[in-house]
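Take a look at the structure below.
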Amino acid sequence: MVNRQLPSAYAQRPTAGIILFPLFILLTVLAGCESSADKKQDDVVAEKAAPQIFVLRKEKLSSELNMPGELIAFQQVDLYAKVNSFVKKLNVDVGSEVHAGQLLAVMDAPEINSQLSTADSRISSLEATYNGSKANYNRLLETSKTPGTISPNELDLAYAKEQSDLAQLQAAKSASREITDTKNYLEIRAPFEGVITARNVSTGAYVGPSGKGSELPLFTLQEQKKLRLVVDVPEAYTSYLKNKNEVSFTVKSLPDDTFQASIQRMAGALDNKLRSQRIEMDVINKDKKMLPGMIAEITISLPGQDSTFLVPSSAIINSAEGIYIIRANKGKAEWVTVKKGRTEQDRVEVFGNMSSGDSLVVKASEEIRKGSEIN
């Protein structure tokens, strides 16, 4: 039988592994205990660290309000036909620039011409009747100057006949003028200078007032050389707005340009749904680079009216119970209810039971309980 012996290196390795493995475990346990001890010591140090305090002072806040607004035409009108008629001729189309009083379209209503002819004939007839009764009255009047020739009653009847014929003649002339005015409505003219932005009819179309022949207008006319910039400002900021306040704005189609305007009109009341006030600015747009309907990003300066308390945003606690700051009162934490106002970067305007010189916690949190020690 062959006696095989392992080399010495192989024979000693198991023994070394058995010795080193418990040593590794011991070192790992000691390191974990040391790390845990350090962590607990750091926690104790953090708990003992006093909150940072600052002194409350009144300052004047001038902030900016950034909001979207809309550019609309300074004047816009939908033009309808006054009477039921047919489109005879269109002189403009979409994009046409027109001036005030320019003829835009001509309508055709043959029945109006017939009515006008009838009215003219009636006027001629009544004029003849009136002239006859007037001449009769004048003759009787001259004759009555000779005593006993004409009775006063006969003269009165002649005068009444003359006045009746005159009244009928005047009524006929008024009816004729009414028809003439109606005929003038067959010509559609521009009420102001602007641009035709919509055309909804073609030659030969039957048109009329809204709901009678045509639901859509013949044309839509907009004044674009002057625009209105409108924005709804929330209630919280309305007290800072005044007429002539300057605003700046940009539009997406011209990102490199910043435009200026000033507040010209304020609604003076809040919208029932949004609880905001509508304000308007006039924008001169002679080159027509801006178009009605564009959305503008508006920056409105809100100058401070009086000095107010300003605190860092980190000093405010927004809890389920309300909004608070923490004041150091004789070394104790005191929670003070406040209301937030405007913001400027990382500072917030607050209102509440506070006084200048109060010591407040810079980084307030709910972990700092009421009555806890503040060194």
Side-chain angles (χ1 to χ4, degrees), residues 69-113 115-116 174 176-231 243-244 247 249 251 253-254 257 259-267 278-296:
E70 183 182 9
L71 288 166
I72 63 175
F74 192 77
Q75 295 185 87
Q76 177 174 324
V77 64
D78 292 331
L79 300 175
Y80 288 88
K82 172 67 174 179
V83 296
N84 295 332
S85 55
F86 295 91
V87 178
K88 184 177 181 180
K89 185 180 181 181
L90 296 175
N91 296 329
V92 294
D93 209 328
V94 174
S96 299
E97 296 187 13
V98 301
H99 57 79
Q102 180 176 335
L103 182 62
L104 306 181
V106 178
M107 307 292 112
D108 185 24
E111 63 275 13
I112 292 180
N113 294 328
Q115 293 172 7
L116 188 59
S174 297
S176 178
R177 284 195 298 269
E178 181 180 357
I179 298 172
T180 301
D181 291 340
T182 302
K183 184 178 181 180
N184 292 335
Y185 286 125
L186 297 177
E187 294 183 345
I188 308 299
R189 297 184 179 273
F192 53 81
E193 180 181 0
V195 177
I196 300 297
T197 58
R199 176 184 67 83
N200 299 306
V201 296
S202 299
T203 302
Y206 177 73
V207 296
S210 178
K212 295 182 180 180
S214 178
E215 294 295 337
L216 299 176
L218 276 67
F219 304 103
T220 297
L221 176 64
Q222 292 183 343
E223 181 181 353
Q224 295 185 356
K225 290 186 178 180
K226 188 177 181 181
L227 303 176
R228 297 175 190 260
L229 177 60
V230 298
V231 60
N243 276 331
K244 308 304 179 183
V247 304
F249 66 95
V251 294
S253 61
L254 302 167
D257 296 336
F259 304 94
Q260 304 294 326
S262 60
I263 298 176
Q264 298 295 328
R265 289 167 294 278
M266 302 173 62
R278 178 187 176 99
I279 64 173
E280 293 187 357
M281 288 73 72
D282 294 344
V283 179
I284 303 302
N285 188 40
K286 291 184 178 180
D287 53 5
K288 294 193 291 186
K289 294 172 65 176
M290 293 174 282
L291 300 176
M294 284 185 171
I295 300 299

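Atom set for the values below is all heavy atoms of this structure, side chains included, hydrogens, waters and symmetry mates excluded. One is the number of the first residue; the rest follow in order along the sequence.
- Asn200 places a side-chain N or O within donor-acceptor distance of the main-chain N or O of Pro217, the cut-off being under 3.5 Å.
- Partners of Arg177 by side-chain contact (heavy atoms from CB on, under 4.5 Å), not counting sequence neighbours, listed by chain and number: Lys173, Ser174.
- Residues Val251 and Phe259 come closest through the heavy atom pair CG2-CE1, 4.2 Å.
- When all heavy atoms are compared, the tightest approach of Leu79 to Leu104 is CD1-CD1, 3.5 Å.
- At least one side-chain heavy atom of Pro292 sits less than 4.5 Å from a side-chain heavy atom of Leu227.
- Looking only at side-chain heavy atoms (C-beta outward), Gln222 and Val195 stay at 4.5 Å or farther from each other.
- When all heavy atoms of Lys288 and Leu291 are compared, the closest pair comes out as O-CD2, 4.1 Å.
- Every residue meeting the side-chain contact (heavy atoms from CB on, under 4.5 Å) condition with Asn184, not counting sequence neighbours, appears here in chain and number order: Thr180, Asp181.
- Ile196 contributes atom CD1, which lies 9.0 Å from atom CG of Asp93 (distance to the nearest 0.5 angstrom).
- Between Ile179 atom CD1 and Gln115 atom CD the span is 5.0 Å, to the nearest 0.5 Å.
- Taking Glu178 as the reference, nothing meets the side-chain contact (heavy atoms from CB on, under 4.5 Å) condition, with sequence neighbours excluded.
- Ser262 is not listed as a side-chain neighbour of Val247, based on a closest heavy-atom distance of 4.5 Å or more.
- Atoms OG1 and NZ, on Thr182 and Lys82 in that order, are 8.0 Å from each other to the nearest 0.5 Å.
- For Ala198, the side-chain contact (heavy atoms from CB on, under 4.5 Å) test picks out Thr220, with sequence neighbours left out.
- Distance CD/Gln264 to NZ/Lys244: 4.0 Å, rounded to 0.5 Å.
- Remark: Asn113 CG to Lys183 NZ distance equals 4.5 Å, nearest 0.5 Å.
- Applying the salt bridge (Lys or Arg N to Asp or Glu O under 4.0 Å) rule to Asp287 yields no partners; only residues at least two apart in sequence or on another chain are considered.
- Nearest heavy atoms, Asn91 versus Leu103: ND2-O, 3.4 Å.
- Among all heavy-atom pairs drawn from Met294 and Lys289, the shortest one is CE-O, 4.1 Å.
- Heavy-atom neighbours of Phe192 CZ from other residues, nucleotides or ligands within 6.0 Å: above the threshold of 12.
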Side chain to side chain contact (heavy atoms under 4.5 Å, CB included) between Gln102 and Val92, intermediate numbers included: CA-CA 10 Å; Gln102 180 176 335; Val92 294; 3.9 Å; yes

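- By the side chain to side chain donor-acceptor pair (under 3.5 Å) test, Lys225 is found to be paired with Glu193, residues two or more places apart in sequence or in another chain being considered.
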From CA spacing to verdict: side chain to side chain contact (heavy atoms under 4.5 Å, CB included), Ile284, Lys226: CA-CA 5 Å; Ile284 303 302; Lys226 188 177 181 181; 4.3 Å; yes

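- For the pair Phe249 and Met290, the tightest heavy-atom approach, listed with the atom from each and the gap, is CE1-SD, 3.7 Å.
- Remark: Met107 CE to Leu218 CG distance equals 5.0 Å, nearest 0.5 Å.
- Salt bridge present: Asp282 and Arg265 bring a charged side-chain N and a carboxylate O closer than 4.0 Å.
- Judged by the 6.0 Å and 45° rule, Arg199 forms no cation-pi pair with Phe219.
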